[in-house]
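Everything quoted here is computed from the prediction, not taken from an experiment. Throughout, numbering of the chain's residues begins at 1 and tracks the sequence.
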Amino acid sequence: MKKILITGGAGFIGSHVVRRFVKKYADYQIFNLDALTYAGNLENIADIENQPNYRFIKGDITDAGFIDKLFAEHQFDGVIHLAAESHVDRSITDPLSFVKTNVIGTVNLLNAAKNIWKDNSDGKRFYHISTDEVYGSLGATGLFTETTPYDPNSPYSASKASSDHFVRAYGETYNFPYLITNCSNNYGPNHFPEKLIPLFINNIIENKSLPVYGDGNYTRDWLFVEDHAAAIDLVYHKGRNHETYNIGGFNEWKNIDLVRVLCKIMDSKLQREAGTSEKLITFVKDRPGHDLRYAIDASKINSELGWSPSVTFEQGLEKTVDWYLSNEQWLKNVTTGEYNKYYEKQYHQ
């Protein structure tokens, strides 16, 4: 059996990737490594935790000794690296934790993989998942391509840019087999409610204010998380070594327009009078280093690998709202911290 290590597999995007690989590839042994920090939640993948080709490992990628032993013991054939600190606001208040996880943690994984693959890297793959934020901010026109110069503006994006550079450097210096993808904003089920869409869904449910930064005209490209998981699957199996692929939704929205669409959907789903949720919108002081616009040119992955999004933003947003309204216990567990007890319950009985 091929042994695939997926890091950050209890997080938002990682849980969807783990589920897809466990269910789709019965001949793979999937190892899910997660430190279970605040955004790691084993409830996200409770439905597959008893599958015979799945194993969860609690551990921290910043612990080099632990990572070296893990790779030596299991001799992984591939790594899909999603584990990361990813919230821009948190990076502004605590940049060092982003350096430790996103930079040092990535280098620890690179070293461990290099050491076990040094004699034979045939068929081996180190797939590093990154972000479009490494490219900085776009003006009113243009798109990020795979050759856009890096220009990060937050401690988060700087840490991800650094990790991308290390991955490429290992490819050039050691002929290390890597792939990188840079993706636009994801949304969908299991998203920790500190990011815009799940935060606002939860706030609307609870009739709390919807804090919109600045004038709300910041523009982002949005991608449904299951479409991202499908792209990751495709790139891992069909992508060319030492290549970068941008993954985007062809789907730009200004924050304020997105929030208004979300308000309309929530009013309809909650059977509230039209316009009720929109009254909760509150404009707040902008955050430092806020990038005006991100937009991905995903033509390379489309032309080379045949990938494109399967849903429109409106369809994906409705699916997302339906999931949160049908999983209010999950939302309650996350917002109250109860989800932290799941690991102890399941693994330390």
Side-chain angles (χ1 to χ4, degrees), residues 1-11 13-37 39-42 44-85 100-129 163 166-167 169-171 173-180 232-233 235-237 241 342-349:
M1 297 180 79
K2 276 192 176 181
K3 295 181 177 179
I4 310 297
L5 176 69
I6 299 177
T7 70
I13 300 171
S15 62
H16 288 274
V17 176
V18 166
R19 179 179 296 104
R20 182 181 181 90
F21 272 68
V22 167
K23 289 187 172 183
K24 187 175 177 181
Y25 301 106
D27 57 337
Y28 289 5
Q29 186 69 39
I30 303 300
F31 295 80
N32 174 8
L33 173 64
D34 201 293
L36 297 183
T37 54
N41 183 358
L42 287 174
N44 292 345
I45 40 175
D47 58 313
I48 54 99
E49 65 186 1
N50 294 318
Q51 294 298 311
N53 65 331
Y54 171 75
R55 177 177 170 186
F56 173 73
I57 300 168
K58 187 174 187 292
D60 191 338
I61 62 173
T62 66
D63 184 342
F66 166 77
I67 293 298
D68 287 341
K69 289 177 183 177
L70 189 67
F71 275 69
E73 177 185 353
H74 295 292
Q75 298 290 311
F76 300 115
D77 298 294
V79 177
I80 301 176
H81 176 36
L82 294 118
E85 294 282 354
K100 289 177 179 176
T101 299
N102 297 351
V103 184
I104 303 301
T106 298
V107 173
N108 287 341
L109 291 165
L110 289 167
N111 282 334
K114 177 174 70 71
N115 289 338
I116 68 166
W117 297 343
K118 59 185 176 182
D119 296 324
N120 182 13
S121 63
D122 289 349
K124 305 298 192 292
R125 301 218 116 169
F126 188 102
Y127 179 1
H128 176 64
I129 281 80
S163 66
F166 270 104
V167 173
Y170 272 59
T173 304
Y174 307 110
N175 195 30
F176 184 80
Y178 77 84
L179 290 157
I180 296 174
I232 289 171
D233 181 0
V235 170
Y236 182 82
H237 289 97
N241 261 342
Y342 188 88
Y343 175 76
E344 295 298 325
K345 177 184 175 184
Q346 293 298 111
Y347 291 89
H348 291 277
Q349 295 178 351

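Between the side chains of His128 and Thr106, no donor N or O sits under 3.5 Å from an acceptor N or O. Under the 3.5 Å distance criterion, with hydrogens and angles disregarded, a donor-acceptor pair is assigned to the side chains of Asp233 and Tyr25.
Side-chain atoms of Thr7 come within 3.5 Å of backbone atoms of Ala83 as a donor-acceptor pair (strictly under, hydrogens ignored).
At a threshold of 4.5 Å between non-hydrogen side-chain atoms, the residues Asp47 and Lys23 count as touching. Here the side chains of Leu33 and Phe76 are not in contact, with every heavy-atom distance at 4.5 Å or above. When side chains are defined from C-beta on, Ile13 does not count as touching Ile129, because their heavy atoms never get closer than 4.5 Å.
The CD1 atom of Ile48 sits 4.5 Å away from atom OH of Tyr54, with the distance rounded to the nearest 0.5 Å. Residue Phe126 holds its CZ atom at 7.0 Å from CH2 of Trp117, rounded to the nearest 0.5 Å. Between the CG atom in Leu179 and the NE2 atom in His237 there is a gap of 11.5 Å [rounded to 0.5 Å]. With rounding to the nearest 0.5 Å, the separation of CD1 in Ile57 from CG in Asp34 is 11.0 Å. Interatomic distance, CD1 of Ile80 versus CD1 of Ile232, reported as 7.0 Å (0.5 Å rounding). Separating the OH atom in Tyr178 from the CG atom in Leu110 is a distance of 11.0 Å, to the nearest 0.5 Å.
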Next item on the list: Check step by step if side-chain contact (heavy atoms from CB on, under 4.5 Å) holds for Phe31 and Lys3.
Entry: CA-CA 7 Å; Phe31 295 80; Lys3 295 181 177 179; 4.0 Å; yes
Next item on the list: Could you please spell out the steps behind the side-chain contact (heavy atoms from CB on, under 4.5 Å) verdict for Ile67 and Asn111?
Entry: CA-CA 9 Å; Ile67 293 298; Asn111 282 334; over 6 Å; no
Margin query: Apply side-chain contact (heavy atoms from CB on, under 4.5 Å) to residues Val79 and Phe71 and explain how you reach the verdict.
Written below: CA-CA 10 Å; Val79 177; Phe71 275 69; 3.8 Å; yes
Item checked: Derivation and outcome, side-chain contact (heavy atoms from CB on, under 4.5 Å), residues Asp77 and Tyr28 -> CA-CA 10 Å; Asp77 298 294; Tyr28 289 5; over 6 Å; no
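Shown here for Leu36 and Ala10, the closest heavy-atom pair between the two residues is CD2-CB, 3.8 Å. When all heavy atoms of Phe176 and Tyr170 are compared, the pair lying nearest together is CB-O, 3.2 Å. When all heavy atoms are compared, the tightest approach of Ile4 to Tyr236 is CD1-OH, 3.1 Å. Taking each heavy atom of Asp63 and Asn108 in turn, the nearest pair found is N-ND2, 4.0 Å. The nearest pair of heavy atoms linking Gly9 to Ile45 is O-CD1, 3.6 Å. Residues Gly11 and Asn44 come closest through the heavy atom pair O-ND2, 3.7 Å.
In this view, Asn53 and Met1, Val22, Gln29, Gln51 satisfy the side chain to side chain contact (heavy atoms under 4.5 Å, CB included) rule, not counting sequence neighbours. The salt bridge (charged side-chain N to carboxylate O under 4.0 Å, His left out) check on Arg125 picks up nothing, with sequence neighbours excluded.
The environment of Lys114 atom NZ is dense: over 12 non-hydrogen atoms of other residues, nucleotides or ligands sit within 6.0 angstrom.
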